[in-house]
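Okay, structure first, notes after.
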Amino acid sequence: MIARVVPPASPVRDAIRRRMVLAWAAALVFGAGACGLAAHAAATLPAPAPFEELAYYPSGQALQPATLGHAESAADLAWLRAVQYYGEHRQTDLRFTQMRHVFEILGALSPSFESPSIFGAFGLAQEGRDFAAAEQLLLNALERRPRSGRLAFELGFLYFVRPGGRDLRKAAEYFELASRLPGSPASAARFAAASSQNAGDLRMAYQLWSQVRAESPNRYLREIAEREIEKIAQAIATGREEIAVRRMGTPAVILH
Amino acid sequence: MIALLVAQNTFREVVRDRVLMGLVIGGLVLLAVTRIASPLAMGEGLRLTVDLGLSSISWLGLLVVLTVGTALVSKEIDRRTIFNLLSRPLPRPFYLLGKWLGLTLALATVAAILGAALWLVVTLLGHANYAGSIAEAVLLATLELAVINSLAVMFSALSTPLLSALYTLGFFLGGQWCGDLRRFASHCPAELKIMLESAANVLPNLPLFNMRTLASAGELTSWTHLGLAGAYAALYCACVLSLAAAAFESRDFK
């Protein structure tokens with residue numbers, strides 16, 4: 001017959017066991033709560049930036065996950081490097097082959113950092129003589145920040161001063177968009193009206209100048225709007241477009 | 001009350017080791033570097049200062065958690081001072097809670113000092129309106145450090161300082177990518193999706209504590225975000241410290 005030895009009851013051991021069970025139960029309850037909150041936060045809070053496809057296609061944007069949540073600081077350091085890159089080539093060979101890539105990386109790292117896209121676009125268009133790349137850079141930036149009046153205005157301005165020939169219709173389109181968005185300069189509506197007018201779109205120009213006259217807090221601007229409205233009305237009534245439309249010069253790039 | 005006494009001692013220990021002083025000096029030097037580099041930033045010096053100032057709080061805090069936090073308990077075991085403590089009527093969970101609280105308070109103090117210094121620099125540059133966004137970003141960075149610290153204390157109670165540091169670093173890296181992991185999971189087959197989502201739930205959701213993008217533009221985050229981040233940090237820390245208590249309770253120091 002085998003006699004089983006029953007260990008004597010130990011209050012200390014029982015207390016330890018009780019506390020362990022309690023700790024595990026607490027961990028489960030708190031853990032479930034944390035998981036629920038994490039899922040809720042992922043579903044309700046805005047995602048920082050869409051970059052899911054970057055896990056499969058290496059590109060400049062793939063840097064974002066590697067920055068461990070410090071994409072802003074990485075963008076700042078990249079910005080310092082980009083300025084140096086521009087400066088080096090601006091003073092030497094005027095070759096900006098990597099400029100678009102560098103500024104695309106910056107835009108991907110920090111969509112709210114608008115200055116690099118603007119600076120890069122004008123650098124590409126003027127010194128780099130690559131208007132298509134410049135336009136794409138600003139269009140991408142605007143796609144990432146569709147509510148940015150500053151980006152819309154600068155894109156309009158890029159068309160306005162396009163080397164080799166202004167694109168006044170597109171300029172007017174983006175100036176008009178900028179005038180409705182926060183962060184654009186106060187002169188956006190005036191630029192939109194003037195661009196439409198000089199592009200020959202007199203009815204649109206009439207509307208935009210009327211808007212400037214009604215809304216501008218600047219008396220001088222209201223007077224300009226009044227004069228331009230009169231000219232446009234006269235041009236429409238007589239059928240003589242030249243009364244209202246000015247021939248604008250072709251923007252040139254002068255590098256010193 | 002007992003946990004508060006342990007916390008007070010831990011805080012004093014961190015101050016005595018000149019960790020706080022080192023952190024503050026390191027942070028201020030980084031802040032000065034951003035000002036020196038700002039003329040190279042073509043008019044974006046303010047942004048540079050805010051971004052790098054906030055990042056330095058997180059990185060320096062992480063450094064302290066990895067060096068000090070992961071050795072908090074094991075150091076006492078090595079020196080055998082833990083026997084003096086645990087032979088008194090001091091429940092082990094309170095001991096761990098006190099250790100975590102002490103270091104978290106030290107980290108919060110450094111974050112507050114560096115945040116105030118950052119705000120002062122930004123104010124001197126004529127942008128006092130950044131106060132709200134800097135305060136919110138510093139608060140979230142402190143919550144993030146509290147979460148990482150809880151993991152460090154847990155590993156410290158279970159393993160050697162080196163391994164604890166590696167585990168904590170692993171959780172930190174995984175935590176930074178857990179948003180990507182969730183998005184990646186949504187494209188996967190059901191079984192893999194469950195696995196990846198479980199992993200994302202176990203890892204600390206650190207992107208929740210990141211509002212540096214908003215702060216660099218002087219923008220504020222929503223109260224919902226702050227509330228969610230605070231509640232999540234409290235629950236995650238409670239969960240990890242409970243697990244640490246369960247494991248530490250059964251640990252034999254003989």
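We name chains A, B, ... by the order of the sequence lines, and we start the count at 1 in each one.
- No other option in B/Asn205, B/Leu228, B/Leu241 has as many heavy-atom pairs under 4.5 Å with chain A as B/Leu228.
- Taking a 6.0 Å sphere around CD of B/Glu219, one finds it holds more than 12 heavy atoms contributed by other residues, nucleotides or ligands.
- Contacts between B/Ala217 and chain A at a heavy-atom distance below 4.5 Å are absent for every atom of the residue.
- Looking only at side-chain heavy atoms (C-beta outward), A/Asp76 and B/Thr34 stay at 4.5 Å or farther from each other.
- A distance of 5.0 Å separates CG of B/Asp51 from OG of A/Ser73, quoted to the nearest 0.5 Å.
- Shown here is A/Phe122, whose CZ atom has more than 12 heavy atoms of other residues, nucleotides or ligands within 6.0 Å.
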_side-chain contact (heavy atoms from CB on, under 4.5 Å) assessment of A/Trp79 paired with B/Arg47_ = CA-CA 11 Å; A/Trp79 170 233; B/Arg47 193 196 133 84; over 6 Å; no

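- Both the backbone and the side chain of B/Glu249 come within contact range of chain A, with heavy atoms under 4.5 Å apart.
- Using a 4.5 Å cut-off between heavy atoms, A/Ala42 contacts chain B through its side chain alone, with no backbone atom that close.
- The two residues B/Leu235 and A/Gly33 make their nearest non-hydrogen contact at CD1-C, 3.5 Å.
- With a threshold of 4.5 angstrom between heavy atoms, B/Ser55 approaches chain A through its backbone and through its side chain.
- The choice from A/Ala26, A/Ala38, A/Gly31 that makes the most heavy-atom pairs within less than 4.5 Å of chain B is A/Ala38.
- The shortest non-hydrogen separation linking A/Cys35 to B/Asn201 is SG-CB, 3.4 Å.
- The line from CG of B/Leu54 to NE2 of A/His70 is 9.5 Å long, rounded to the nearest 0.5 Å.
- If you measure heavy-atom distances from B/Leu208 to chain A, the contacts under 4.5 Å come from the side chain alone.
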*Going through the distances and angles, do B/Arg212 and A/Glu72 end up as a salt bridge (charged side-chain N to carboxylate O under 4.0 Å, His left out)?*
CA-CA 7 Å; B/Arg212 284 178 284 270; A/Glu72 294 300 319; over 6 Å; no

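- A/Arg190 CZ: 12 or fewer foreign heavy atoms inside a 6.0 Å radius.
- Once rounded to the nearest 0.5 Å, the distance linking CE of B/Met211 with CG of A/Leu45 reads 12.5 Å.
- Atoms OG and CH2, on B/Ser242 and A/Trp24 in that order, are 10.5 Å from each other to the nearest 0.5 Å.
- The contact between A/Phe113 and chain B is made by backbone and side chain atoms together, counting heavy-atom distances below 4.5 Å.
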